[in-house]
Amino acid sequence: MGSDAIERVVVLRHPVERVWAALTTAEGLSRWFGSVAEIDLRPGGRAFFRWDDLDDESVATITVVDPPRRFAFRWAIEGLPEDDAARTLVDFTLEPTPDGTRLRLVESGFAQAATDVARAAHRANTQGWDTELADLETYLDAAS
């Protein structure tokens with residue numbers, strides 16, 4: 001497998017506090033990340049995401065809450081059972097810029113799975129994050 005991680009950086013034309021709310025509230029997440037989202041925003045808390053258009057859902061465990069700079073969670077690797085111990089870490093870091101917010105997303109840990117599963121999950125999540133981050137930008141721009 002080429003890489004154990006997916007990394008994306010986008011600069012959003014919105015203040016850090018707005019981007020933070022979009023990432024860490026059920027209302028914000030439901031607008032751009034999934035059809036339905038629930039979140040208990042604390043380390044060890046649970047987040048639930050459902051995508052009606054994909055007929056898919058996922059449960060995550062919150063690992064880092066450092067408002068308004070860093071938010072991270074662990075969730076199952078696609079292709080493995082939900083109760084499998086292997087999890088990727090999805091880590092969002094926010095940094096204010098003169099024009100808004102620099103958002104860095106890193107999802108890592110794919111190599112825990114067998115090579116074929118890891119490659120397929122990495123490919124699917126790479127495409128997923130590209131779509132979801134574009135949806136985040138659209139949501140924030142429309143809410144302005």
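FYI, the numbering just counts along the sequence from 1.
A donor-acceptor pair under 3.5 Å is absent between the side-chain atoms of Ser108 and the main chain of Ala5, judged by distance alone.
Evaluation of the salt bridge (charged side-chain N to carboxylate O under 4.0 Å, His left out) test over residues 7-26, restricted to residues two or more places apart or in two chains, returns Glu7-Arg104, Arg8-Asp130, Arg13-Glu137, Arg13-Asp141. Contacts classified as side-chain hydrogen bond (donor to acceptor under 3.5 Å, both in side chains) and involving residues 25-39 (residues at least two apart or in different chains) are not found. The salt bridge (charged side-chain N to carboxylate O under 4.0 Å, His left out) pairs that include a residue from residues 77-88 number zero, where partners must be two or more places apart or lie in different chains.
Residues passing the salt bridge (charged side-chain N to carboxylate O under 4.0 Å, His left out) test with Glu95 are Arg102, sequence neighbours excluded. Pro67 pairs by the side chain to side chain contact (heavy atoms under 4.5 Å, CB included) definition with Trp20, Val65, not counting sequence neighbours. Every salt bridge (charged side-chain N to carboxylate O under 4.0 Å, His left out) that Asp66 has, sequence neighbours left out, goes to Arg69. The side chain to side chain donor-acceptor pair (under 3.5 Å) check on Arg70 picks up Asp91, with sequence neighbours excluded. Considering only residues two or more places apart in sequence or on other chains, Arg50 meets the side chain to side chain donor-acceptor pair (under 3.5 Å) condition with Asp52.
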Under 3.5 Å, which donor-acceptor pairs link side chains of residues 39-46 to any protein atom two or more places apart or in another chain?
{"unit_1": "Asp40", "atom_1": "OD1", "unit_2": "Arg42", "atom_2": "NE", "d": "3.3"}
{"unit_1": "Asp40", "atom_1": "OD2", "unit_2": "Arg42", "atom_2": "NE", "d": "2.9"}
{"unit_1": "Asp40", "atom_1": "OD2", "unit_2": "Arg42", "atom_2": "NH2", "d": "3.1"}

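Its side chain within the 4.5 Å cluster rule, Ile77 clusters with Leu80, Val117 among the Ile, Leu, Val, Met, Phe, Trp and Tyr residues.
Neither Leu23 nor Phe48 shares a network with the other; the hydrophobic side chains, linked directly or stepwise wherever heavy atoms of I, L, V, M, F, W or Y lie under 4.5 Å apart, form separate groups for each.
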